**Student:** 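Got a structure for you, written out below as structure tokens; questions coming shortly.
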Amino acid sequence: MERELSLEFVRVTEAAALASGRLMGRGDKEAADQAAVDAMRSVFDTVHINGTVVIGEGEKDEAPMLYVGEHLGISDEPRVDVAVDPLEGTNLVAKGLPNALSVVAIAPRGCLLKAPEVFYMDKIAVGPRASGCISLDAPVAENLQAVARAMDRDVRDLTAIILERPRHEELIAEIREAGARVKLITDGDVSAAIATCVETSGVDILFGIGGAPEGVIAAAALKILGGDMQCRLIPKDGEGPGHDEQPNGEDRFRLLCLEDLAKGEDLFFAATGITDGDMLSGVRYRGQTAETHSLVMRGVTRTIRNIYATHKLERKPRFVSSESICRQ
């Protein structure tokens, strides 16, 4: 894929962030998500790719846009897989909480794992300094000790991030017993996984069970950033294939690494902040202008760009203009 595409993918996430950010704190997560989906889909209609959605808003009968299998783009080449989360953290936007993002990951056709919504993932992720030191099969304390050694710290200096869910009560207790600090989050495990690779985030390791599609999107970013991740697919209760199978009939207990989730190096990842977070600032509206903070990364060169943009809203298409958003 040509490097010039990186800015095109940022345009996609910027549009979704601009559209949904107007609804921050207004208590309507469905409206915020729909605004992000509409804006992202419209901009994809201008991007020079031949894309197929492999991770999106669900199956075609559940999602009118950005559904799995939908075609995106206006060119015959390059042929790519597209993983999207127009609004990662719908509850975060609805409540005005930190770390809501709009994200996309792009890879050549067949290079992103097609992780269906009916699966969770049990995950562990770290940044570059601890890459190669973790094992999903190892005890929590052992993983923390390995990461501490790799980072030349004590375990008590580490911060583990984890979704605050009843299913994680035992895991949280093990982390605390091992002596590490704990950062609990209500939503947003894509940004949480990526935060392990950001020195200023204060996050060192991610544990726990989250969405499978989110795991694939995070894996693309972690691979570019030099981080590490392992996971296993877990069927949601009463859904998906039988308990002995993954999609494609594989052993569901098979350990998945970054290469299983996002193959090769020809990857792109883009994210725009919607609310302020550990990595990105949220959208700032200033009358007829708005400011966004985005991150775009290219796997081939491992180039990482922070992009600060000022948008003249009256010059934008209708879905991101200040007038149309205020009418929603």
Side-chain angles (χ1 to χ4, degrees), residues 1-3 5-6 8-10 12-13 47 49-56 66 68-69 72-73 78-86 88 101-117 119-128 130-132 134-136 188-198 206 209-234 246-248 250 252 254-271 279 295-305:
M1 291 183 284
E2 297 297 328
R3 63 181 177 221
L5 284 172
S6 61
E8 296 299 295
F9 299 142
V10 170
V12 169
T13 58
V47 179
I49 58 171
N50 178 355
T52 300
V53 177
V54 296
I55 289 175
L66 297 178
V68 174
L72 301 176
R79 299 172 68 247
V80 296
D81 287 342
V82 181
V84 303
D85 198 341
E88 206 259 329
L101 306 173
S102 176
V103 296
V104 299
I106 316 288
R109 191 68 48 84
C111 289
L112 293 179
L113 180 73
K114 298 178 181 179
E117 291 283 346
F119 279 83
Y120 285 124
M121 271 184 183
D122 190 8
K123 311 169 189 176
I124 183 171
V126 292
S131 180
I134 54 172
S135 171
L136 192 62
D189 63 343
V190 172
S191 61
I194 299 170
T196 63
C197 297
V198 179
L206 172 138
I209 297 170
E214 290 84 353
V216 175
I217 294 173
L222 285 167
K223 194 168 186 186
I224 298 171
L225 289 165
D228 196 6
M229 182 178 187
Q230 294 183 1
C231 60
R232 278 195 179 85
L233 290 169
I234 302 173
Q246 288 182 2
N248 307 323
E250 298 178 19
R252 83 173 183 95
R254 185 170 73 90
L255 189 68
L256 300 172
C257 64
L258 283 179
E259 186 65 21
D260 297 309
L261 303 173
K263 293 183 175 65
E265 293 193 340
D266 195 8
L267 305 169
F268 281 95
F269 175 89
M279 293 187 302
L295 181 71
V296 61
M297 303 183 285
R298 185 179 181 221
V300 170
T301 58
R302 294 205 172 181
T303 300
I304 302 164
R305 290 184 172 91

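In this chain, residues are counted from 1 in sequence order. The model shown is predicted, which means the values in this text are computed figures rather than measured ones. The figures that follow rest on heavy atoms only: side chains count, while hydrogens, waters and symmetry mates do not.
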**Student:** Using a cut-off of 6.0 Å, state whether more than 12 heavy atoms not belonging to Arg79 lie near its atom CZ.
**Tutor:**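 Atom CZ in Arg79 is not crowded, with 12 or fewer foreign heavy atoms closer than 6.0 Å.
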**Student:** Could I get the full list of side chain to side chain contact (heavy atoms under 4.5 Å, CB included) partners for Cys197, not counting sequence neighbours?
**Tutor:**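 Applying side chain to side chain contact (heavy atoms under 4.5 Å, CB included) to Cys197 gives Pro128, Leu222, Leu225.
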**Student:** On a heavy-atom basis, which atom in Cys231 and which in Met121 lie closest, and how many Å separate them?
**Tutor:**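 In this case the closest contact between Cys231 and Met121 is SG-SD, 3.6 Å.
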**Student:** Atom CE in Met229, atom CG in Asp260: separation rounded to 0.5 Å?
**Tutor:**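 Nearest 0.5 Å value for the CE-CG distance: 11.5 Å.
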**Student:** Report the residues that fulfil side chain to side chain contact (heavy atoms under 4.5 Å, CB included) with Glu259, sequence neighbours left out, ordered by chain and then residue number.
**Tutor:**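 Result, side chain to side chain contact (heavy atoms under 4.5 Å, CB included) vs Glu259: Lys223, Cys257, Lys263.
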**Student:** With heavy-atom distances below 4.5 Å as the criterion, would you say the side chains of Pro78 and Asp266 are in contact?
**Tutor:**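 No, every pair of side-chain atoms sits at 4.5 Å or beyond.
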**Student:** Any side-chain heavy atom of Phe9 sitting closer than 4.5 Å to one from Ile49?
**Tutor:**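 Touching, per the 4.5 Å side-chain cut-off.
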**Student:** Go through the structure and list residues passing side chain to side chain contact (heavy atoms under 4.5 Å, CB included) with Val12, not counting sequence neighbours.
**Tutor:**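 With sequence neighbours excluded, Val12 shows a side chain to side chain contact (heavy atoms under 4.5 Å, CB included) to Met40, Val43, Phe44, Val47, Val104, given in chain and number order.
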**Student:** Please say whether more than 12 non-hydrogen atoms of neighbouring residues, nucleotides or ligands are located less than 6.0 Å from CZ in Arg305.
**Tutor:**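 Counting neighbours around CZ of Arg305, 12 or fewer heavy atoms of other residues, nucleotides or ligands fall under 6.0 Å, so no.
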**Student:** Atom CG of Asp228 and atom OG of Ser135: how far apart are they, to the nearest 0.5 Å?
**Tutor:**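 Reported value, rounded in 0.5 Å steps: 10.0 Å.
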**Student:** Measure the CD1-CZ distance between Ile209 and Phe119 for me, rounded to the nearest 0.5 Å.
**Tutor:**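 The distance works out to 13.5 Å.
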**Student:** Looking only at non-hydrogen atoms, find the nearest pair between Ser191 and Leu101 and report the distance.
**Tutor:**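 Ser191 and Leu101 have their closest heavy atoms at CB-CD1, 3.6 Å.
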**Student:** What closest approach, in Å, do Leu267 and Ala220 show between heavy atoms, and which atom pair accounts for it?
**Tutor:**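 Between these two residues, the closest heavy atoms are CD1-O, 4.2 Å.
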**Student:** Considering non-hydrogen atoms only, spot the tightest contact between Gly226 and Ser131 and give its length.
**Tutor:**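 Heavy atoms of Gly226 and Ser131 come nearest at O-CB, 3.7 Å.
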**Student:** Between Arg298 and Phe268, is there a donor-acceptor pair closer than 3.5 Å when you use the side chain of the first and the backbone of the second?
**Tutor:**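 Pair absent, no side-chain N/O of Arg298 close to backbone of Phe268.
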**Student:** If you compare all heavy atoms of Val103 against all heavy atoms of Ala271, which two are closest, and at what distance to 0.1 Å?
**Tutor:**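 Taking every non-hydrogen atom into account, CG1-CB, 3.6 Å.
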**Student:** Hey, could you give me the CG/CG distance between Leu255 and Asp122, rounded to the nearest 0.5 Å?
**Tutor:**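 Here the rounded value is 10.0 Å.
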**Student:** Please name the pair of heavy atoms, one in Ala192 and one in Leu206, separated by the smallest distance, quoted to 0.1 Å.
**Tutor:**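 Heavy atoms of Ala192 and Leu206 come nearest at CB-CD1, 3.7 Å.
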**Student:** Can you tell me how far CG of Asp189 sits from NZ of Lys123, rounded to the nearest 0.5 angstrom?
**Tutor:**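 Result: 3.5 Å between the selected atoms.
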**Student:** What's the spacing between Asp85 CG and Ile217 CD1 if we round to 0.5 Å?
**Tutor:**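 Taking CG in Asp85 and CD1 in Ile217, the distance rounds to 5.0 Å.
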**Student:** Pick one: which of Ile106, Leu112, Ile55, Leu113 meets side chain to side chain contact (heavy atoms under 4.5 Å, CB included) with Asp81?
**Tutor:**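 The single option meeting the side chain to side chain contact (heavy atoms under 4.5 Å, CB included) with Asp81 is Leu112.
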